[in-house]
Amino acid sequence: MQYPADETQLSIPEAVLLGHALVQRVADSLGIRAFFIKGPASVIQGLRLPKMSVDVDVFVPPVDLEAMLEGLRERGWRQRPVDPDERSFPRHSITVDHPEWPCCIDVHFRFPGMEASSNDCFDVMWANTEVLQLAGQEVRVPSKTLGILILALHALRSSHLPASQQELGFLTDLTERESHAAEILDIATATGSLAAMRPFLEDLVSQPTPVQWPEPSTEWRNRLLSKEPGSARIIAIAQAPLREKPKLLFRAIFPPTEVFLTGNIYADLSFKGRLQLQKTRWTRFLRALPRTVKDLSQLRRRGPAAKSAGQLHR
């Protein structure tokens with residue numbers, strides 16, 4: 001008996017659960033330490049209110065990133081195009097998709113806000129994972145304290161959004177109720193994320209000795225300021241050495257093909273199609289201009305030292 005294609009196609013929630021099992025098996029077959037962040041596991045652990053996840057987020061050691069990606073490629077997954085401008089958009093994960101799966105997989109190798117070396121951060125995080133059953137497969141996920149840290153860092157990147165404010169409020173109540181603050185502080189210290197976590201932790205920790213809160217990195221400050229993509233590009237140009245500014249400005253005005261494919265891998269790249277894509281891109285930029293100007297005004301208030309901060313922290 002044959003069934004219509006729409007009856008056999010995976011739904012997004014099904015694909016996300018099965019995607020966790022698939023990725024865990026790929027990692028196990030290659031001997032890669034991997035654990036899953038955010039997603040359905042965080043709901044099961046009580047770290048998030050119920051919500052539908054639309055992708056799979058897996059964390060691997062930086063040294064094993066290419067091996068993990070190759071293992072997924074062998075199973076039909078392909079890397080999505082990304083904007084090559086890493087000064088404006090420092091990369092922390094690689095996204096892959098599959099023509100027969102309705103969800104993507106984000107393979108993380110670092111996490112914004114964690115300023116220690118990527119390898120050291122992974123070792124600290126791996127020591128704070130536990131096993132959970134998902135889709136009939138044992139998978140590694142963060143402990144509750146590490147899970148709160150990761151979710152809080154993720155929300156703090158866009159704390160101006162109502163959804164992020166709601167998540168931070170939920171995590172704050174959970175941390176107070178279950179007395180996780182001291183453990184979160186320890187992991188934040190070990191991963192170099194104290195500066196980024198300060199708005200979340202400062203009122204939660206009770207230490208005999210006051211916490212020495214470090215200054216956030218240029219990358220983290222820029223992430224908080226750049227509420228629009230246009231802001232990120234302009235800030236990167238402002239902070240770049242003089243010899244790099246013309247190249248960055250040219251790329252901003254005449255972006256490479258990958259930029260047009262980030263939102264739609266099937267975008268029309270004919271001459272006419274590119275003109276339409278450019279028109280859409282500039283229309284979006286002009287609509288966001290008031291917010292961009294506001295972002296840049298905050299950059300000016302940070303003073304000349306911040307503007308000449310040079311290469312972003314990697």
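Predicted model only: the values in this text are computed from it and were never measured.
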Can Asp120 and Ser117 be said to form a side-chain hydrogen bond (donor to acceptor under 3.5 Å, both in side chains), step by step? CA-CA 5 Å; Asp120 290 344; Ser117 75; 3.0 Å; yes
Polar side chain donor-acceptor pair, Glu130 to Gln45, under 3.5 angstrom: yes
Residues Arg78 and Asp97 bridged, charged N to O under 4.0 Å: yes
Is a donor on one side and an acceptor on the other found under 3.5 Å between the side chain of Glu14 and the backbone of Ser11? yes
Between Ala67 and Leu30, which heavy-atom pair has the shortest distance, and what is it? O-CD1, 3.5 Å
Could you tell me which non-hydrogen atom of Gly46 sits nearest to which non-hydrogen atom of Leu174, and how far apart they are? O-CD2, 3.8 Å
Contact check, side chains of Met197 and Leu153, non-hydrogen atoms, under 4.5 Å: yes
Side chains of Pro142 and Ile37: does their closest heavy-atom pair fall under 4.5 Å? yes
Output yes when a side-chain donor or acceptor of Arg48 lies under 3.5 Å from a complementary backbone atom of Lys38, and no otherwise. no
Taking the side chain as C-beta and beyond, is there a heavy-atom pair between Phe111 and Phe59 under 4.5 Å? yes
Heavy atoms only: give me the nearest Met68-Ile32 pair and the separation to one decimal. N-CD1, 3.7 Å
Which residues satisfy the ring-ring contact (aromatic ring centres under 6.0 Å, His included) test with Trp220, sequence neighbours excluded? none
So that I can tick it off, tell me whether Lys247 and Glu244 are bridged by a salt bridge, with the cut-off set at under 4.0 angstrom between side-chain N and carboxylate O. no
Do Asn222 and Gln239 have side-chain atoms, one donor and one acceptor, less than 3.5 Å apart? yes
Any donor-acceptor pair under 3.5 Å from Lys144 side chain to Leu47 backbone: no
Counting only N and O atoms by type, is there a donor-acceptor contact under 3.5 Å from the side chain of Glu138 to the main-chain atoms of Leu132? no
Same cluster or not: are Val43 and Ile148 linked, directly or through other Ile, Leu, Val, Met, Phe, Trp or Tyr residues, by side-chain heavy atoms under 4.5 angstrom apart? no
Do you know which two heavy atoms are closest between Pro199 and Ala196, and how far apart they sit? CD-O, 3.3 Å
Is the centre of the Phe122 ring less than 6.0 Å from the centre of the Phe35 ring? yes
Would the number of heavy atoms belonging to other residues, nucleotides or ligands and lying under 6.0 Å from NZ of Lys245 be above 12? yes
Could you pull out the closest heavy-atom pair between Leu146 and Asn128, with the gap in Å? CD2-O, 3.5 Å
Pairing donors with acceptors under 3.5 angstrom, does anything connect the side chains of Glu167 and Ser164? no
Regarding Glu100 and His98, do their side chains bring together a donor and an acceptor under 3.5 Å, going by distance alone? no
Taking Met52 as the starting point, is it possible to reach Leu134 by hopping between hydrophobic residues whose side chains are less than 4.5 Å apart? yes
From Leu204, Leu171, Val205, Leu201, residue fulfilling side chain to side chain contact (heavy atoms under 4.5 Å, CB included) relative to Ile184: Leu201
So His108 and Val58, do their side chains get closer than 4.5 Å, heavy atoms only? no
Is any side-chain heavy atom of Pro112 closer than 4.5 Å to one of Arg157? yes
Please check if the side chain of Arg251 supplies one atom and the backbone of Pro246 the other of a donor-acceptor pair under 3.5 Å. no
Could you pull out all residues at least two apart from Arg25 that satisfy salt bridge (charged side-chain N to carboxylate O under 4.0 Å, His left out)? none
Flag side-chain contact, heavy atom, 4.5 Å: Leu185 against Leu194: yes
Flag, side chain of His20 to backbone of Val16, donor-acceptor distance under 3.5 Å: yes
Is a side-chain donor or acceptor of Arg223 paired with a backbone partner of Pro90 at a separation under 3.5 angstrom? yes
Side-chain donor or acceptor of Thr95 paired with backbone N/O of Asp106 under 3.5 Å: no
Minimum-distance pair of heavy atoms, taken over all atoms of Leu224 and Leu156: CD2-O, 3.2 Å
Would a 4.5 Å heavy-atom cut-off, applied to side chains only, mark Asp28 and Val26 as touching? no
Is the shortest heavy-atom distance from the side chain of Pro62 to the side chain of Asn119 under 4.5 Å? yes
For Arg287, is the CZ atom crowded, meaning more than 12 foreign heavy atoms sit under 6.0 Å from it? no
